[in-house]
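I have placed the structure first, in the form of structure tokens, so that the comments after it can refer back to it.
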Amino acid sequence: MHTIKNKTKLMARVRRIKGQAEAVERALEAELGCADILMLVASMRGAINGLTAEVMEDHIRNHIVDPAKDPKSGGAQGASELIEVLRTYLK
């Protein structure tokens with residue numbers, strides 16, 4: 001599976017997200033202002049969206065379109081377009 005193949009990279013992303021969640025928790029405990037907390041949450045959201053995009057792209061390339069099986073189908077082009085739209089949407 002692609003998630004196993006990319007496990008190290010995906011786990012690094014998850015650990016970063018975990019660190020960001022802990023920063024939000026510390027900010028709330030320290031009673032920081034809402035603007036500071038919103039900035040932390042926004043960066044956490046961006047990290048989660050990046051993880052989502054990474055897993056979705058691998059899923060599309062490995063489970064939906066396999067250019068090695070049918071290189072003339074045009075599916076690889078469609079998959080690339082879909083991935084680009086998803087990455088834009090998730091920003």
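Count residues from 1 along the sequence.
Glu81 contributes atom CD, which lies 10.5 Å from atom CD1 of Ile83 (distance to the nearest 0.5 angstrom). Atoms OH and CD, on Tyr89 and Glu84 in that order, are 16.0 Å from each other to the nearest 0.5 Å. Rounding to the nearest 0.5 Å gives a distance of 10.5 Å between CE of Met56 and CG of Asn49. Glu57 CD to Ser80 OG: the interatomic distance, rounded to the nearest 0.5 Å, is 8.0 Å. Atoms CD and CG, from Glu22 and Leu40 in turn, are 12.5 Å apart once rounded to the nearest 0.5 Å. A distance of 11.0 Å separates CG of Leu28 from CG of Asp36, quoted to the nearest 0.5 Å.
For the pair Glu54 and His59, the minimum side-chain heavy-atom distance is 4.5 Å or more. Counting heavy atoms from C-beta outward, Thr52 and Leu86 have side chains that stay 4.5 Å or more apart. Counting heavy atoms from C-beta outward, Leu32 and Arg26 have side chains that stay 4.5 Å or more apart. With a 4.5 Å cut-off on side-chain heavy atoms, Val24 and Met44 count as touching. Using a 4.5 Å cut-off on side-chain heavy atoms (C-beta onward), Leu10 and Val14 make no contact.
Residue Arg13 forms a side chain to side chain contact (heavy atoms under 4.5 Å, CB included) with just one option from Met11, Arg16, Arg15, and that option is Arg16.
The shortest heavy-atom contact between Gln20 and Ser43 is NE2-O, 3.6 Å.
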